[in-house]
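One structure is given below, encoded as structure tokens.
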Amino acid sequence: MTLPNLLVTAALPYANGHIHLGHLVEYIQTDIWVRFQRLMGRRCIFICADDTHGTAIMIRARQEGRSEAEVIADMQSAHERDFAGFDISFDHYGSTNSPENLELCSQIWSSLRQAGLVVEDDVEQLFDPVAGTFLADRFVKGTCPLCKTVDQYGDNCSKCGATYSPTELINPTSTLSGATPVKKTAKHLFVRLEALHEFLDSWTQSGEHLQSEIANYLKGHFLGNPLRDWDVSRPAPYFGFEIPDSPGNYWYVWFDAPIGYIASTWQWCKKNNEKLADWWHSDQTEIHHFIGKDITYFHTLFWPGVLKSAGFSLPKFVHIHGFLTVDGEKMAKSKGTQVQAATYLKHLDPQFLRYFYASKLGPRLDDIDLNLTEFANKVNSDLVGKVVNLASRTARFIETVGLAPEYPHDGGLFVSAAAAGDKIAQAYEQVDYSRAMRMIMEIADQANAFVENTAPWTLKKDPNQQVRLQEVCTIVLNLFRQLCVYLAPVLPKLADQCGQLLQSPIQHWNDSQTPLVNSPISKFEHLLQRLLPEKVQAMIDESKVESTPVESETLASTTADAPPAASQDSGDALAAEPMAPVCTIEDFTKVDLRVARIVKAEEVPEAKKLVKLTVSLGGDNIRTVFAGIKAAYTLQQLEGRLVVIVANLQPRQMKFGLSEGMVTAAGPGGTEVFLLGVDSGAVPGQRVH
RNA sequence: GGCGAUGUAGCUCAGUCGGUUAGAGCAACGGCUUCAUAAGCCGUGGGUCGUUGGUUCGAGUCCAAUCAUCGCUACCA
């Protein structure tokens, strides 16, 4: 009986940004698994592609004054170069903006239509007559139709948890303009996921395809209620594929992105004279997806639903990993910890990161931490001190005579290390790399102890011990080779170098089971450069410089003689949050922005993000405002300073009290929140024009 | 607040079906060695296994409660 073929994917990186160390957790995790399977002799292809569609790309292209095609082509070559630098061994790296993907999207779309899963009836939606746009759910607020709580979003109630459509809200208002939305009919296309509820229930809860915590999460968050229809269309203008039977509408990027897995496989098939059906319509192939926990929903509900409906094979397993933190904190450009792949490669050996991630990664979806000190210590101690050291302690002694004609008695070292192969392989198979690394290092420890006890450097000095010297070195080099086989999925370059040194390439896991004898060896050369902590620091420093071209001091200074170079600012922020529709000066004047002084800042212990601010607009005009800036500022930093508030905002009853305004700030949130201030001279109560 | 997890030596973690004095690596300390990329080997110290209660002849391991931490989610309008 032959084992099924394997089709393995990593998530498609978005064409709007460069690859950084956080992304690499996934590509390295996946690559290790793929290389392991190949080493075991499994037929295994590794498929990926750039994810290219969507609003963000459109905006970026517009901003850079070139076509979307140019933008995504550039980014694709940068991605491929970065991946190659980290030895990610894709069999094919495609793009979602390909004819194959368009064809597959169309095919799958037809299947969904035929299965009656597409709702294409005209839908009554709320339209903002002032902003001139339809309103997504989160842009509409009103009173919950069930529990009558005021100020709820258009999709669900935060009080009673009910879900509904924004048209059901009582007294809806647009959060864009404050206008009362009118009902307007527009064609929207939805996939009726609820029709697949029963299937998704059994597929996700079977225990065979998902980690248990993911199955629980889905059960608790989604499967307990009816599944909501999935909006898969976006109106023009949109960079993507126009829906063939619905002109003027485009597939939402998350519709065509996973289909890109299939499209990219198809491109590989065309290159290699293979049949797509053998990979996506066959029980002789197992499909394994590796993804991050942030995109769980798409891959565990929507995607299986689509595949099932369209008659494609379902994934055998969706392997989900956590995020990367650096020195215990979220990656931050300001701290230089969001290191781009290309920057890393300028300073450090990619194998070090591969090994470090391997030593940290298990089958759970916990976040993993890259502690920079531990990184340097571990890599040096394990790889240089234990593994590579075995070769450098012995290879030179037998450069001229080569390996012994027969494998000598070694007290059972080789046999026991060979026997450990099964358990190590099992750990790799289960994506439990940290376990595998521990077992491998145990073998390295034993081998080093053997070197110590047999003292080849002493044997070398005695002319009568030359045979024994050759024997000892043969044993050590064979143990070294075993380690290289076991580490080959993680450290492909080291495996190659080992093959060159012993003049016998490592090709199969079973190479660990038979010792190499009676063969010449090459002149020994250093296999790995020790990792210098200074280089880690240099990498961090460079990452800081890249992302903070404009110092805050420069911004605050009115006497700066040269304006900041705008061209150095990245377009990421704008792309992450696209521009709102045009508004008139009248629209703007509806918003009354005022300078205010924070007279008191208080802790809200029960809230994770909120602080309670008492602000003064001058005189006895005092109000209370809640602001989600707890993680970014201390109370001391806040008290006394001037801020800009939205003074005429409708007060909102919150869990902790009434909020009578809104403090303005920029930034993505969390610790990255930056309050708007005013230059000196402004006083509380002044309006911002 | 809801959901999910985690809490074992200074740090990172292992402890399989509950079964003798709880382990490893790194760090620290002492010694040995000098073949090797200031690498290696031996030894020492260090833990009331978050806390409390329960089940049991016996619990790090099972159950309950509790505290703490983390993640997702909600509250940032």
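Each chain gets a letter, A, B and so on, in the order the sequences are listed, and its residues count up from 1.
Across all strands shown, B:C41 forms a Watson-Crick or G-U wobble pair with B:G31, both key distances being under 3.5 Å. Across all strands shown, B:U6 pairs with B:A68; the Watson-Crick or G-U wobble distances both stay below 3.5 Å.
Looking only at atom types and distance, the side chain of A:Tyr297 has a donor-acceptor partner in the side chain of A:Trp230 under 3.5 Å away.
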Any chance you could list the contact pattern along nucleotides 34-43 of chain B? Use B for base contacts, S for sugar-phosphate-only contacts and - for none, protein heavy atoms under 4.0 Å, 5' to 3'. SBBB-SBS--
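Using C1' as the reference atom, B:U56 and B:C41 are 45 Å apart when rounded to the nearest Å. Taking the C1' atoms as reference points, B:U6 lies 16 Å from B:G15, given to the whole Å. Taking the P atoms as reference points, B:C70 lies 14 Å from B:U12, given to the whole Å.
Only one option out of A:Leu372, A:Asn371, A:Asn377 pairs with A:Glu374 in a side-chain contact (heavy atoms from CB on, under 4.5 Å); it is A:Asn371.
Heavy atoms of A:Arg438 sit under 4.0 angstrom from primed sugar atoms or phosphate atoms, though from no base atom. Residue-level contact check: A:Lys293 touches the backbone only, with heavy atoms under 4.0 Å from sugar-phosphate atoms and none from bases.
Of the two residues near RNA chain B, A:Phe323 and A:Asp366, the one whose nearest nucleotide lies more 5' is A:Asp366. When each of A:Asp367 and A:Glu442 is assigned the nucleotide of RNA chain B bearing its nearest heavy atom, the one mapping closer to the 5' terminus is A:Glu442.
Between A:Arg435 and B:U12 there is no side-chain N or O to OP1 or OP2 distance below 4.0 Å.
Taking the six-membered ring for Trp and the full ring otherwise, A:His209 and A:Phe317 have centroids separated by 6.0 Å or more. Taking the six-membered ring where the residue is Trp, the centroids of A:Trp254 and A:Phe298 are separated by under 6.0 Å.
If you take CG on A:Leu491 and SG on A:Cys498, they are separated by 11.5 Å, rounding to the nearest 0.5 Å. Distance check, rounded to the nearest 0.5 Å: CE of A:Met539 to CG of A:Leu348 gives 5.5 Å.
Look at A:Lys600 and A:Glu639 and you find no salt bridge, because none of the NZ, NE, NH1 or NH2 atoms lies under 4.0 Å from a carboxylate O.
The distance from atom CD1 of A:Ile424 to atom P of B:A14 is 17 Å, rounded to the nearest whole Å.
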